[in-house]
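Single-structure report; data block below.
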Amino acid sequence: MSVKIKIQHALKKYGDHIVIKDLNLDIKEGEFFTLLGPSGCGKTTLLRMIAGFNSIEGGDFYFNEKRINDVDPGSRNIGMVFQNYAIFPHLSVKDNVAFGLTNRKIDQDTRNKKTDEFLKLMQIDEFKNRMPDKLSGGQQQRVALARALVIQPDVLLMDEPLSNLDAKLRIEMRSVIKEIQHQVGITSVYVTHDQEEAMAISDRIAVMNKGSIQQIGSPKMLYQRPTNLFVATFIGYTNILKSTLDFKGDQCFIKIGNALIPIKNIKTKEKQNVLVSIRPEEFYLSDNGCIEGIIESSIFLGLNTHYKVHLNGLDQSIELIQESSIDNIIPDGTKINLNIKTDKINVFTADGEQSLTKD
């Protein structure tokens, strides 16, 4: 059975050093929820508190209505998948997957049936008699995932499970994990520092920094409407430009280089200095574009070409992404004109702490 997870006012500290302070979080039943953030932000610490591997200095943790602060890890009915797989080198694939069932003294017929079911689900049944050292990294991770799921846990916890795999295998395995999680329907909490990975597999994401949650939302929401500058720069790449908000009547303008750009979705009437987040794909070439610039360099990446552009009136360059042309790449030194998809950009206060953009 799956559970919802509620965390209220969580506190974690080592001596006088506070790692997590007054953190609140609700994870829905059956949800694939990801804790995303840079190294040292507290995401693995929080995962280990849910698992019972780390002590809880304050706050309350619930699985449904049951408070689990003082419940032994072995009694929380969790499945855990680690970064280093943690499968037993002296046991075959089948025995590794069956390990949790054996520990729970499940009868042999049921154990064999469940083990075979999850070997097939993870597409590793043909390797069931192999030893772990005869498996690839991706196959070992499938074994670890099957072992975590076969006990039918209430919660599946995964700590950077793909970080030891090469790029191609990571893409393959994140598809596997998402597909299996949806098939099984288990509440899953996933830790990663890789924003692309988080966006590819998650129902919702909590972006963490310095022990606190900056924003919780769907991948689409976090990318399109980040709540502050940290989230905007951590989720994908963006150009950050210093600017000002100005008003003429009810019309709001931002200044980009030498151009004044009208913008509609601003929730303030106050003239002020701001930071503007414009993703590379939100600039576009236009003969009538009001922003002037010069191509400094280009990188061809197949589907798209990335350009570094110096904007007139600014002391910085921006990145522009355009779909690659069949004929040629815009040469360095070419003067260009740009416009902006203003409905997609985000405007923040000068300190980057608050968004001034309407949802």
Side-chain angles (χ1 to χ4, degrees), residues 1-10 12 20 23-37 42-54 56 59-83 86 97 100-101 104 114 117-118 121-122 141-142 144-162 173-194 197-208 213 215-222:
M1 121 178 194
S2 230
V3 300
K4 61 182 179 181
I5 301 171
K6 178 181 280 292
I7 301 172
Q8 297 177 319
H9 308 295
K12 178 61 190 173
I20 292 174
L23 184 145
N24 297 282
L25 179 62
D26 287 288
I27 300 173
K28 301 171 186 176
E29 181 179 346
E31 184 174 34
F32 197 119
F33 193 91
T34 294
L35 302 173
L36 173 68
K43 56 189 184 296
T44 292
T45 297
L46 182 60
L47 188 81
R48 292 177 64 85
M49 292 169 80
I50 296 171
F53 300 154
N54 280 354
I56 299 171
D60 300 293
F61 286 64
Y62 295 92
F63 284 0
N64 287 336
E65 306 306 319
K66 182 180 180 181
R67 187 175 182 271
I68 61 165
N69 290 49
D70 302 316
V71 175
D72 181 83
S75 302
R76 295 190 185 193
N77 195 28
I78 60 168
M80 190 86 187
V81 181
F82 298 93
Q83 179 177 343
V97 174
L101 299 173
R104 296 182 180 204
K114 295 299 294 183
E117 177 186 341
F118 279 88
L121 186 65
M122 295 307 302
Q141 195 57 284
R142 287 172 185 258
L145 190 57
R147 185 181 61 187
L149 289 170
V150 73
I151 60 172
Q152 296 182 289
D154 294 332
V155 176
L156 177 64
L157 305 177
M158 291 173 276
D159 186 12
E160 301 270 12
L162 307 183
M173 281 304 301
R174 71 192 188 197
S175 297
V176 169
I177 288 173
K178 182 174 183 178
E179 181 180 343
I180 296 302
Q181 190 270 343
H182 283 173
Q183 284 186 41
V184 177
I186 186 172
T187 306
S188 301
V189 186
Y190 190 97
V191 162
T192 183
H193 64 275
D194 185 326
E197 184 175 296
M199 293 180 72
I201 62 177
S202 309
D203 295 321
R204 287 193 303 153
I205 301 168
V207 180
M208 294 186 65
I213 293 176
Q215 186 176 2
I216 298 173
S218 67
K220 183 175 182 291
M221 178 190 294
L222 295 178

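The basis for the numbers below is simple: all heavy atoms, side chains too, and nothing from hydrogens, waters or symmetry mates.
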Taking all atoms of both residues into account, what is the closest heavy-atom pair of [X] and [Y], and its distance?
X      : Y      : result
Ala198 : Thr34  : CB-CG2, 3.8 Å
Ala51  : Met80  : CB-SD, 4.4 Å
Phe118 : Ala146 : O-CB, 4.0 Å
Val191 : Thr44  : CG1-OG1, 3.6 Å
Asp26  : Arg204 : O-NH2, 2.9 Å
Asp203 : His182 : OD1-NE2, 3.8 Å

If you round to the nearest 0.5 Å, how far is [atom2] of [Y] from [atom1] of [X]?
X      : Y      : atom1 : atom2 : answer
Phe61  : Gln8   : CZ    : CD    : 10.5 Å
Leu46  : Asn54  : CG    : CG    : 9.5 Å
His193 : Lys43  : NE2   : NZ    : 7.5 Å
Arg48  : Phe53  : CZ    : CZ    : 6.5 Å
Phe32  : Ile27  : CZ    : CD1   : 11.5 Å
Gln141 : Leu162 : CD    : CG    : 6.0 Å

Ignoring hydrogens and angles, tell me if any N or O in the side chain of [X] forms a donor-acceptor pair with the backbone of [Y] under 3.5 Å.
X      : Y      : result
Ser2   : Gly185 : yes
Asp154 : Val3   : no
Ser202 : Ile205 : no
Asp72  : Gly74  : yes
Asp159 : Gln83  : no
Asn69  : Gly59  : yes
Ser188 : Ile186 : yes
Lys4   : Asn64  : no
Arg142 : Met122 : yes
Arg76  : Val71  : yes

Subject >> Trace of the side-chain contact (heavy atoms from CB on, under 4.5 Å) decision for Thr45 with Ile20 >> reply: CA-CA 8 Å; Thr45 297; Ile20 292 174; 4.1 Å; yes

Subject >> Heavy atoms from other residues, nucleotides or ligands near CD of Glu65 exceed 12 (cutoff 6.0 Å) >> reply: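 Not more than 12 within 6.0 Å, no.
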
Side chains of [X] and [Y], heavy atoms from C-beta outward: is any pair under 4.5 Å?
X      : Y      : result
Ile213 : Leu35  : no
Pro161 : Phe82  : no
Leu157 : Ile50  : yes
Leu222 : Val207 : yes
Ile78  : Leu156 : no
Leu23  : Met208 : yes
Ile5   : Phe63  : yes
Gln152 : Lys114 : yes

Original post:
Can you find a side-chain donor-acceptor pair between Glu197 and Thr192 that sits under 3.5 Å?
Top reply: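 Looking only at side-chain atoms, Thr192 and Glu197 do form a donor-acceptor pair, the distance falling under 3.5 Å.
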
Original post:
Do Tyr190 and Phe33 have ring centroids that are under 6.0 Å from one another?
Top reply: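 For Phe33 and Tyr190, the ring centres are not under 6.0 Å apart.
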
Subject >> Candidate pair Ile56 and Lys12, rule side-chain contact (heavy atoms from CB on, under 4.5 Å), full reasoning >> reply: CA-CA 6 Å; Ile56 299 171; Lys12 178 61 190 173; over 6 Å; no

**OP:** Given side-chain contact (heavy atoms from CB on, under 4.5 Å), test Val189 with Leu47 step by step and report yes or no.
**Re:** CA-CA 8 Å; Val189 186; Leu47 188 81; 3.7 Å; yes

Original post:
Could you walk me through whether Glu179 and Gln183 pass the side-chain contact (heavy atoms from CB on, under 4.5 Å) check?
Top reply: CA-CA 6 Å; Glu179 181 180 343; Gln183 284 186 41; 3.3 Å; yes

